[in-house]
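Computed from a prediction, not measured in an experiment: that's the story for all the values here. Every chain is numbered from 1, with letters handed out A, B, ... down the list of sequences.
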2 protein chains.
Amino acid sequence: MATRPYSESLERLRAAGLRPTRQRLALARLLYGRGHRHVTAEQLHAEALAATVRISLATVYNSLHQFTEAGMLREVVVDPARRYFDTNVEPHHHFFMATDGVLQDISGKDVSITGLPAVPAGTELQGIDVIVRIRRN
Amino acid sequence: MATRPYSESLERLRAAGLRPTRQRLALARLLYGRGHRHVTAEQLHAEALAATVRISLATVYNSLHQFTEAGMLREVVVDPARRYFDTNVEPHHHFFMATDGVLQDISGKDVSITGLPAVPAGTELQGIDVIVRIRRN
DNA sequence: AATTATAGTTATAATAATTATAATATATTG
DNA sequence: CAATATATTATAATTATTATAACTATAATT
């Protein structure tokens, strides 16, 4: 077969220094199986259960944080009610539709921001998030 | 005196169609007394108590939402753990220092963003938030 | 000014997402 | 395979926020 999702996930976890447990492998496969994704803990947990992976919500939370720590995920802060995690860790931006909670990537390549002041004295730049809020019309 | 914070706040509330109650007047004075501010409900409540205004946390939450509804405040989503409200409702952006939870305005006048794709079909633009995340160094 | 109706405030309980805990299970290493 | 280190789990705890329902203040009307 062309792709080998199992060993890809396994290598990904090894590279991050995370033990390839049943649960982490399952999550990695769900997350990186096909294209980039934006998930909440609840969503991912529901998906795992639907795929008959036995995993607790606590482990989903733990894994999301560990993956983020390891640079495999990035958190996107757009909704005060829940935390989103993005499998795309390249610099980029987002559309966010608040009504149905859907995030969509905006490639970072073409976007440029001019006219920003220098960061305040004693601080350094960590990153720039652009959230384009949209609604159905 | 040069400024008359009392009647300013009163007029502001009247204009928004909100009854100028003791509590709302006190909050308006704290919020709009001198320059723009970024507050959380807890912070504002603590400030009010420190200023010997007797007000419950529930009323602070209610008022923040009513003020926001009335266009007197704008919510800034930057921290998954708490909700910030900004007295500056003009289009503008923010520096955010996660470690100490401090927000700082970036004037919207000089900032321009190019290369953003058109909004997805069936949606309309609601607003663009730029968050420049910084940390102490 | 007194009365009535409306709206606001409050203490408290409820909610919901997330995080901590401590017992159990699994994976790795020698 | 035994010993050790690390993960997972169910559950409880935590935290910010929102809902509830009794009470109080404000505004409108007489």
Exercise. Are B:Leu13 and B:Phe67 close enough, and set up right, to give a side chain to side chain contact (heavy atoms under 4.5 Å, CB included), and what steps lead you there?
Worked result: CA-CA 9 Å; B:Leu13 290 172; B:Phe67 288 12; 3.8 Å; yes
For this session: Please state how far atom CZ in A:Arg82 lies from atom P in C:dT15, giving the value in whole angstrom units.
Result: 17 Å
Problem set entry | All side chain to side chain donor-acceptor pair (under 3.5 Å) counterparts of A:His45, not counting sequence neighbours | none
Exercise. Do A:Gln66 and A:Arg24 have a side chain donor and acceptor closer than 3.5 Å?
Worked result: yes
Problem set entry | B:Arg82/B:Glu42 ion pair, N-O < 4.0 Å | no
For this session: Mind calculating the distance between CG (A:Leu25) and C1' (D:dA7) to the nearest angstrom?
Result: 13 Å
Exercise. When you check the side-chain N and O atoms of A:Asp105 and A:His38, is any donor under 3.5 Å from an acceptor?
Worked result: yes
Exercise. What is the distance, rounded to the nearest whole Å, between atom CD of B:Glu42 and atom C1' of D:dT14?
Worked result: 13 Å
For this session: Flag the pair B:Arg135 and A:Glu124 as a salt bridge only when some basic side-chain nitrogen lies within less than 4.0 angstrom of an acidic carboxylate oxygen.
Result: yes
Atom pairs under 3.5 Å: protein N/O with N/O of nucleotides 18-23 of chain D:
unit_1	atom_1	unit_2	atom_2	d
D:dT18	OP1	B:Arg83	NH1	3.2
D:dT18	OP2	B:His65	NE2	3.2

For this session: Measure from the side-chain N and O atoms of A:Thr59 to the backbone N and O of A:Ile55, and report whether any donor-acceptor pair falls under 3.5 Å.
Result: no
Exercise. Under 6.0 Å between ring centres, would you say that holds for A:His94 and A:His92?
Worked result: yes
For this session: Could you pull out all residues at least two apart from B:Asp129 that satisfy salt bridge (charged side-chain N to carboxylate O under 4.0 Å, His left out)?
Result: A:Arg133, B:Arg74
For this session: Measure the distance from NE2 on B:His45 to P on D:dT17 and round it to the nearest whole Å.
Result: 13 Å
For this session: Using atom CD1 of B:Ile55 as one end and atom P of C:dA11 as the other, report the distance to the nearest whole Å.
Result: 11 Å
For this session: Determine to 10° how strongly the helix from C:dA1-D:dT30 to C:dG30-D:dC1 is bent, judged from the axes of its five-pair ends.
Result: 30°
Exercise. Roughly how far, to the nearest 0.5 Å, is CZ of A:Phe96 from CG of A:Asp79?
Worked result: 4.5 Å
Problem set entry | Pairing residues for B:His65 by the side chain to side chain donor-acceptor pair (under 3.5 Å) criterion, not counting sequence neighbours | none
For this session: Take atom CG of B:Leu13 and atom P of D:dT26, then tell me their distance rounded to the nearest Å.
Result: 13 Å
For this session: Select base, sugar-phosphate, or nothing to describe what A:Pro20 touches, counting heavy atoms under 4.0 Å on all strands.
Result: sugar-phosphate
Exercise. Just how far, in rounded Å, is C1' of C:dA27 from CZ of A:Arg14?
Worked result: 11 Å
Exercise. Should B:Arg22 be listed as having a side-chain N or O under 4.0 Å from OP1 or OP2 of D:dT24?
Worked result: no
Polar pairs (N or O, both sides) under 3.5 Å between protein and nucleotides 4-8 of chain C?
unit_1	atom_1	unit_2	atom_2	d
C:dA7	O4'	B:Arg19	NH1	3.3
C:dA7	O4'	B:Arg19	NH2	3.0
C:dG8	OP1	B:Arg24	NH2	2.4

